[in-house]
Each structure stands twice: as C-alpha cells, then as structure tokens.
Amino acid sequence: MITEYTHERLAAQPIGYWSGEAYRAVVGRIRAELAVEQLTQPHWWTLNHVAGAPGRWSRSELAERLAPFDDLNIDFAEVFDDLVARGWMSEQAGTLSLTEAGEAGRLRAKERNARAHEQMHQGIATDDYVAALNVLRRMIANLGGNSDLP
C-alpha cells in the first residue's frame, strides 16, 4: 500500500532523491534476477545487442556502444571473455555471435526480467508510466543530458 499525500506536498519533494530511490530499487531487482543466471547487467546488454544484430559487433564497437550505460566501471573484455568461456558467445572473423546456449540463457534472463518489470508496473497505467518517463527525459534535456532513447 502506498501512502497518499497532497499535491502540494509531493510537488515540494526532491526529484534527485526519488529518482535515486527508484533507480536503486529497479536496478537492484533487475540485477538480482540476472544473478540467478550468473549474469550482470553488462552480460545482459551484451547478449541483447549481439542477439539483435548477429554478425554486427566487434568487441571494440560493442564496448563503445555499451560504455554509456555502465555505472560500475566494467571491463567489457572480461564480460565478453566470460560469455565466450561459458559457450554462450563465439567470436569469428572479429565479430561476436550468440551460441544456442547463449540464446537459451538470454531467453531465461529475459523471462526473469519480464516478471520484474511486471511487478514494477503493477497499479501504474501506461499513460502514467509514459508521462513519468517524459518528465524525466525533459529534466535530463533541461540539464544538458541525452534524453534520447537508448
């Protein structure tokens, strides 16, 4: 149950605090779901990018693409090496591809993340969710950040 407050009281709340709390809760849940598959977010990002564009990504291109999302100073070479060592990804002629085991693992992780997203969206209308994202995007743009979709 969520406590209801007046419009005025909520309008006076610091967005930095609430966006930080939301980040920690959401990302914490996603990271916990991925950990069940012995994955980190950078593993997840890698699997999705390679699956979405087979034969497109070299190590350096993918590391450059993923770097803006990293808040943990991840060594992407280690992530790529780990996925290759587990047999989830292969590298041929300088490009990365998922193996059958990698696609199966990606799909398991996707199901786990879908359940987490479903829980996060409970009681939130799609229009409200979109409005919240647009407010955050506007704030980011107002402060000179990149408000484009990832």
Side-chain angles (χ1 to χ4, degrees), residues 1-3 5 10 13-91 95-150:
M1 185 58 119
I2 187 168
T3 304
Y5 294 99
L10 288 173
Q13 290 292 302
I15 190 68
Y17 171 79
W18 289 106
S19 62
E21 283 298 299
Y23 173 83
R24 285 184 287 280
V26 169
V27 171
R29 174 65 193 276
I30 290 168
R31 287 177 178 168
E33 291 295 340
L34 292 171
V36 174
E37 297 290 334
Q38 290 82 47
L39 298 172
T40 64
Q41 277 185 299
H43 284 95
W44 174 242
W45 303 331
T46 299
L47 292 169
N48 282 306
H49 276 74
V50 173
R56 148 95 170 75
W57 298 105
S58 70
R59 285 174 173 252
S60 61
E61 290 170 326
L62 187 53
E64 184 178 328
R65 170 70 176 123
L66 298 177
F69 307 110
D70 175 30
D71 64 349
L72 300 172
N73 278 336
I74 295 297
D75 180 346
F76 285 101
E78 288 180 8
V79 172
F80 303 156
D81 289 344
D82 180 58
L83 290 169
V84 169
R86 337 173 160 202
W88 284 29
M89 197 164 66
S90 65
E91 188 172 10
T95 60
L96 302 168
S97 299
L98 291 190
T99 64
E100 285 184 30
E103 179 61 7
R106 186 186 76 81
L107 291 174
R108 285 191 309 271
K110 182 179 178 180
E111 279 298 314
R112 293 185 162 288
N113 279 342
R115 287 192 297 270
H117 283 275
E118 184 179 310
Q119 182 183 5
M120 286 179 245
H121 288 252
Q122 287 176 355
I124 301 171
T126 300
D127 287 348
D128 291 341
Y129 181 79
V130 169
L133 289 182
N134 279 326
V135 166
L136 292 171
R137 290 180 60 232
R138 171 52 53 202
M139 288 179 180
I140 292 165
N142 287 348
L143 296 172
N146 181 355
S147 63
D148 287 337
L149 297 179

Task: Plane angle bin for H121 and Y129 - parallel if under 30°, tilted between 30 and 60°, otherwise perpendicular - done: tilted
Task: Non-hydrogen side-chain atoms of N48 and R106 separated by less than 4.5 Å - done: yes
Task: Distance (rounded to the nearest 0.5 Å) between W88 CH2 and L39 CG - done: 4.5 Å
Task: Separation between CZ of F76 and CG of D70, rounded to the nearest 0.5 Å - done: 4.5 Å
- [ ] Of all the heavy-atom pairs spanning F80 and A63, show the shortest one and how long it is.
- [x] CZ-N, 3.9 Å
Task: Between CZ on residue R29 and CZ on residue R112, distance to nearest 0.5 Å - done: 9.5 Å
Task: Heavy-atom closest contact (N146 atom, I140 atom, distance) - done: O-CG2, 3.6 Å
Open item on the list: Please tell me whether H43 and T40 have a donor and an acceptor in their side chains that are separated by less than 3.5 angstrom.
Closed with: yes
Open item on the list: A quick test of your reading: do over 12 heavy atoms of other residues, nucleotides or ligands sit less than 6.0 Å from CD of E64?
Closed with: no
- [ ] Sequence neighbours left out, what passes side-chain hydrogen bond (donor to acceptor under 3.5 Å, both in side chains) with S147? Give chain and number order.
- [x] none
Task: A77 versus R59, closest heavy-atom pair with distance - done: O-NH1, 3.7 Å
Task: Test side chain to side chain contact (heavy atoms under 4.5 Å, CB included) applied to L72 and Q41, step by step - done: CA-CA 10 Å; L72 300 172; Q41 277 185 299; 5.5 Å; no
Open item on the list: Between R115 and E118 (salt bridge meaning N to carboxylate O under 4.0 Å), is one present in this structure?
Closed with: no
Open item on the list: Regarding R65 and E61, does a basic nitrogen lie under 4.0 Å from an acidic carboxylate oxygen?
Closed with: no
TODO: Mark yes when over 12 heavy atoms from residues, nucleotides or ligands other than Q13 sit less than 6.0 Å from its CD; otherwise mark no.
DONE: yes
TODO: Can you measure from CG (L107) to CG (L47) and round to the nearest 0.5 angstrom?
DONE: 10.0 Å
Open item on the list: Nearest 0.5 angstrom please: D71 CG to Y23 OH, how far?
Closed with: 3.0 Å
Open item on the list: Checking side-chain contact (heavy atoms from CB on, under 4.5 Å) between V130 and each of D128, T126, L133, which is the one that passes?
Closed with: T126
TODO: To the nearest 0.5 Å, tell me how far N113 CG sits from L34 CG.
DONE: 4.5 Å
Open item on the list: Using the rule given for salt bridge (Lys or Arg N to Asp or Glu O under 4.0 Å), can you reason through R24 versus E21, listing the C-alpha separation, both sets of side-chain angles and the distance that settles it, and then say yes or no?
Closed with: CA-CA 5 Å; R24 285 184 287 280; E21 283 298 299; 2.8 Å; yes
Open item on the list: Quick check: do M120 and H117 have side-chain heavy atoms less than 4.5 Å from each other?
Closed with: yes
- [ ] Return the minimal non-hydrogen interatomic distance between P42 and I74, and the atom names on each side.
- [x] CG-CG1, 3.4 Å
TODO: Evaluate the side-chain proximity of R138 to N134: yes if any heavy-atom separation is below 4.5 Å, no if none is.
DONE: no
- [ ] Identify the two heavy atoms, one from F69 and one from W45, that lie closest to each other, and give their separation to 0.1 Å.
- [x] O-CH2, 3.1 Å
TODO: Answer whether the closest heavy-atom distance between the side chains of W57 and T46 falls below 4.5 Å.
DONE: no
Task: M89, R56, H49 screened by side-chain contact (heavy atoms from CB on, under 4.5 Å) with L96, the one that passes - done: M89
Open item on the list: Quick check: closest heavy atoms across T99 and S90, and the distance to 0.1 Å?
Closed with: CG2-N, 4.1 Å
